[in-house]
Every structure is written in structure tokens, then in C-alpha cells.
Amino acid sequence: MIPHAKMLNSQCSILTAFVQKEFYHIFRDIRTVLVIIGIPVFQILIIGFAISTNVKDVKVAVFDPSNDEATNRIINRLNASEYFNVALRLNTISDAEREFKKGKTGLIVIFGENFGENLYHTGDAAVQLLVDASDPNHGQTVASYATGVISDYQRELLRETDIPVRINSEVRMLYNPEMRSAYNFVPGLMGLVFMLICAMMTSVAIVREKETGTMEVLLASPVKPVYIVISKLVPYFIISWFIFILILLLSVFVLDVPVTGSLLWLNVFTLLFIVVGLSLGLLISTIVKTQVAAILASGMGLIMPVMILSGYVFPIESMPPVLQWISGLVPARWFNEGAKKLIIEGAPVRSVLKEMSILLGMAVLILTVSLRNIKARLE
Amino acid sequence: MIIVNCQLISKNFGRVVALKNISLDIEKGEIFGLIGPDGAGKTTLFRILTSLILADSGHATVDGLDVVKDFRELRKRIGYMPGRFSLYQDLSVEENLNFYATVFNTTVEENYHLISDIYRQIEPFKQRRAGKLSGGMKQKLALSCALIHKPTVLFLDEPTTGVDPVSRKEFWEMLKKLKKEGITIVVSTPYMDEARLCDHIALIQHGQILSIASPEKITASFPEKLYQAYSENNYLLLLELRKNPGVKSAFMSGEFLHIVFKDGNVDGNIPNLTEIEPTIEDCFIYLMNRIADGAEILPGSAYN
């Protein structure tokens, strides 16, 4: 019992010494600190500034084949509001697209034929609102203000006449039909940051010891190589968790992201992804010999796919099937999908069981391979 | 008592022969020097003996432990200081020492007596980052770290390379003190003048041992008469000597030319000629030339 306890105790103090040493390495290098803290904070702030909900004097183009009293009253109401400025009347409906592409028009109102006649006789008229939703929040606000103006007019008509009139406003969001809002980027950003911290920085940290020769001294010591490597992962695990909480706080207080899901499961899910990232970093460190090679391998092999194939920048659904299939191999894709459900949709944990088991499988597989790859000798 | 034993160790890196049939014995408690130029195979042999790489053939034991089978136990007992400065540059002197003490499952206090002579010299700088130390101080710190667990055998791979002459001298003084503590020291160096400070030396070149003996025995059994000469222009003199048919070999050694004549007879009018005792460097060059002339290497005695 006693020798066993003593051994356990010494293993613990070795682990503590390694973790402490690693924290010294991290916090004594200003560039490392900048990457770890700077990138997530900076990106969140950029996303925060990119969101603007301030709608004022939006240029409106109108296609009005009816040109009757009803349509003119609606147009005048739009123009009278502080939000809109009716700047253009279109002659054909095909001009609509061209106007949007010029980039100045934010809303196009398209009235149906015989709008007024339909309205007064059948009590039913149609108007279509085309909104430039490339900035989704802005687009959403524009759409709601415009429909607000139209329904105001409808209420007024109801008061004036006894006929039950109904104006069907059909809103179409162009250029961003899914209305991916800025906070949809938060899970994607997390995926990117964790790959950076866990995989890239961990692999570089381990390979640095090989390159500077300290690994040679450590290998000639009684510490088992597996402990050497595992103890290098622990600090990055802790830092990643801290960064996760930081991003979450910034998202809530800067971006006003409604975090509605279970925080417990969100943490479990994220830590699982962090473990996948760490094991990828470990795998790279067992293969390459230089820090430059580690940066290249993690940059090209991990960070790039996260940018392109995880759904962070380009939506998975709009990819060709081959790329969709390849994206299935990118862990960040599953993290992204799961985290969106947990953070933004506030979905229960059972809805991310698929993502969770895929990440778990990846973690077990990569960890097994990389632990086997750890050598007790230099070559 | 033999503490390090190598039998017919060979190692190739691809097509490059790093070590070829190295056999040697090292006595417990001695300072054993591995003397040879860069690329001779010294580091490879050190790494095999410290269980860091595997030999292609042959086998070796250190402190009675097989370097392949018993490497876990072996790593508890040996101290190793690689050729490059291999401590953490961004950690302070004190942090480095404490870290290695923990890694070797001991504390600085436990074996402080062993390193106190060395460590006291760098202790005033214990808060300083290791990367900001001078070359000599870096060596002292690295030696302290390699000693902190009281190893039975200490492997020092070119500890004095790139260190100033004063620090080199101090370093060898320290090794002598450690020897008194009963620690066997295996040290490699490209500096021939340091060979005299070892109890036994192995001259190594191109992965092969040219000779193993005590430095005295190696110089004493130099088989020729050796002369030195100098002139205003040593280079011209060297060219003349090499043209002289009576000269067997001539080479520069510091500010002198060292000359061996054919059949031991002085030939020609050579300025400032005097007979001298050979140094390890003379012996090394003599052995190298013999091999270049096609002589067989039969390690075991000084000259064969």
C-alpha cells in the first residue's frame, strides 16, 4: 500500500511540475498569450460591430403596375416614415435584381396587377417585399418595418370602410434565405479557436521540445513518455475551457446571443470537442519533427478545413455532395452543428446525440492512434 | 569493476555508417573520454548508451542494465547532458533545477551537497532566465540538472564545446570532484588537449575506435621520433617539408610544425628543429594516417 501510494504521489508531483512549467512557457511568451486571448476576443468584437440594427432612410424601389389610389397611398406612407426613402420606380419587374446588385437599394416593393381594384372588390390584394438580407439583422428589421407600414394602412382602411380588406404581404429575403444571423458565427468561431489552441498550439509546444533538445533529456529521465505528452495537454485543456467561457460571456453580453440551452450539456459537448482537438495536436506532434512542420500540418490539415468545410463560412447544405461528404470528416463541422442547436436553438441534449457520438468516436480513435505513436526513444 | 560495456555496437543512418563494431569497457569511478572530431559518432554512441536510440547490432550494458531491455530502470540511474544546451531557456535557473529534480523524483535539497560546488557559482543568478546565461554558466546549470538525482554514470556529450577556456578548465575541475564522489563520468570532446584529463580515452573517427588506453600509454607508445619546427612563414615551410622525400608526415599544430621523418633520420635543413614528446593530437593524426594508408583497425591496445 505505502510504496504504491508513494508512487502515486510522485506521479502527481511530476504532473504538477510539468503543468506549471507549461504555464510558464505559455504566459512568458507574449505572442502565445496574444493568440490565445486576442483571437477570440477580437473576432467576437468584429462580429459584434458587424451587426447593425440601425435602420434609417433605406432606399426603396417600387414596381407598381396598378398605379392606383391604394398603391400610391402605401408608397406615400412608406416615404413619409423616417425609415424609408422611395427613390425609384421600376418599369419592369426584371429591373429589381439589377437594382439590388447596384447595392444601394435595401427594399423593393412589388404590387400586384389591379391592386386597388382587387382590394376594394375582393377584399384581397397582394404585395411582395424583396429585402436585401445580406446583413440578416438589418434585413429583418427592414422587412418588419415595411410590413408594419402596410398593416397600418390596412387597419386604416378597415376603419374607413366596412369591407373586410386584407393585404397579403409576402416577404422574400434575398441573398441570405436562411437568415443566418451574426450569432450563428459564434459556434463556428469556437470551432476555429479550439482547433487553433488545442491542435496547433499543442502540437507546436510538444514539437518545440523535440526541436530544442529538451525532449532528449526528458526521454532519458524516468518519466514515461506518455506522461510527458499528456502533461503537456493538460494546460491547453484548461486554457481552452477558460476561452470557451470567455467566448460565451462575450457572446451573451456583447452580441446579445440568447444562450437558452443547458449550460451543463453545452460544457460537456464543448469539452468533448476540445479533447478531439488535443488528440489531433498530439497526433501531429508524433508525426512531424519541426515546429514549422507542425504549424503547416495543423494550419493546412486542420484550420483550413475548419474555415472552409465546417459550415463556419460556407453553409454545408449548399456544397456539392462530395464536399459535404468530406466535411463529415472535419470534427468542427459536427461541433458547429451541435453547438448551434445547443446555444442558439436551445435544443435539448438528445437532439445532439448524433454529433456527440461522432465526436466521441473521433476522440477515441485519434487518441488511440496517437498514444500508440508515442515513442520511448528518439527515433 | 566494469560499469559500461559495449560489444560490437554498429549503427547506420540510411547509407551513412555512424558506428562500426564499437567495443569498449569503462571502469567504475573513472573519467572516460571519447575523443574525436565532429561527425566521428560520439553522439550516436552516447544516445545508444542512454537508451535514446537502438543500435543495429551488438549490445551494451550500463551499470549492469541492458540498454534495450532494461531501459526504464536504466533511465533512473544515469545522468545525461546532451551536446546542445537542452534546458528551458524561458525558465529561470532555479525553475529549471527544481523541474529536473521533480522529474527525477527527488528534491534539490536531497542531493544539494552533490551540486553545491557548481550551483553556488550560478546561484546569484537563480532568478535569471536560463536563455540569458553565459555559455559557461549554461554548462554549469545543465551539469547541475544532470546531477540532481545522483546518477551512477554521468554521460556528458561535448560539455565544453563553445565554452571559454577559463570555464573549460573550471568544468574539468568539477568533473574531478564528482569522480571523488564515486560517479563514473563518460565525456566526449573534440578538444585533444582535454584528453590528458581523462583516466582512459577512446580515440574515435568515422565511427570506428582507433585506440583505447590511458592517455599516457597512448602518447608513450607513439612509435616514431617526433620533431617540431617553426619559421617566419610556417605555411611555406610546410609546403617545403611535404615536398621533401625524407619526410614521412608534417602538419601544423598551433604555432609549430610537427614532423616525422622516414626511418627516423633528420633530413634537410629545417629551421628551429627540436625533438618533442608526442601529444594526443599527434597520436590521433598518426593513427588516422595509418588507416588512410590502409592499415587494419584492431582496437584493444594503444598501437597494434
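Protein chains get the first letters and strands the later ones, always in sequence-line order, with residue 1 at the start of each. All values derive from a computational prediction rather than experimental measurement.
The line from NZ of B:Lys76 to OG of A:Ser221 is 11.0 Å long, rounded to the nearest 0.5 Å. Note that the CG atom of B:Asn96 and the NZ atom of A:Lys21 stand 9.5 Å from one another [nearest 0.5 Å].
Contact annotation for A:Thr214: both backbone and side-chain heavy atoms come within less than 4.5 Å of a heavy atom of chain B. Heavy-atom distances place no part of A:Lys375 under 4.5 Å from chain B, backbone and side chain included. Heavy atoms of B:Leu54 lying under 4.5 Å from chain A belong to its backbone as well as its side chain. Looking at B:Ser92, only its backbone comes within 4.5 Å of chain A, counting heavy atoms on both sides.
Ring-centre distance between B:Phe99 and A:Phe18: below the 6.0 Å cut-off.
Considering every non-hydrogen atom in both A:Ile14 and B:Val103, the closest pair reads CD1-O, 4.0 Å. The heavy-atom pair separating B:Ser86 from A:Val217 by the smallest distance is CB-CG2, 3.6 Å. In terms of heavy atoms, B:Thr102 sits closest to A:Ser13 at CG2-O, 3.5 Å. When every heavy atom of A:Leu218 is checked against every heavy atom of B:Tyr100, the shortest pair comes out as CD2-CE2, 4.1 Å. Minimum interatomic distance between B:Ile53 and A:Leu378 (heavy atoms only, all atoms of both residues): CG2-CB, 3.9 Å.
Residues B:Leu91 and A:Gln20 form no side-chain contact, since every pair of their non-hydrogen atoms from C-beta on lies 4.5 Å or further apart. Side-chain atoms of B:Arg47 and A:Arg377, non-hydrogen and from C-beta on, never get closer than 4.5 Å to each other.
Each of A:Arg208, A:His25, A:Glu209 has some count of heavy-atom pairs under 4.5 Å with chain B, and the biggest count is that of A:His25. Per-residue heavy-atom pair counts under 4.5 Å with chain A were compared for B:Glu73, B:Arg77, B:Arg129, and the maximum is reached by B:Arg129. Comparing B:Tyr88, B:Phe85, B:Phe104 by how many heavy-atom pairs each has under 4.5 Å with chain A, the most go to B:Tyr88.
The environment of CZ in B:Phe13 is crowded: more than 12 heavy-atom neighbours from other residues, nucleotides or ligands sit within 6.0 Å. In the displayed structure, B:Met137 atom CE is contacted under 6.0 Å by more than 12 heavy atoms of other residues, nucleotides or ligands. Surrounding OH of B:Tyr112 are more than 12 heavy atoms belonging to other residues, nucleotides or ligands, all under 6.0 Å away. Around the CZ atom of A:Phe253, the shell of radius 6.0 Å holds no more than 12 heavy atoms that belong to other residues, nucleotides or ligands.
The backbone N or O of A:Ala220 sits nowhere less than 3.5 Å from a side-chain atom of B:Arg75 that would complete a donor-acceptor pair.
B:Glu95 and A:Arg28 are joined by a salt bridge, as a carboxylate oxygen and a charged side-chain nitrogen come within less than 4.0 angstrom of each other.
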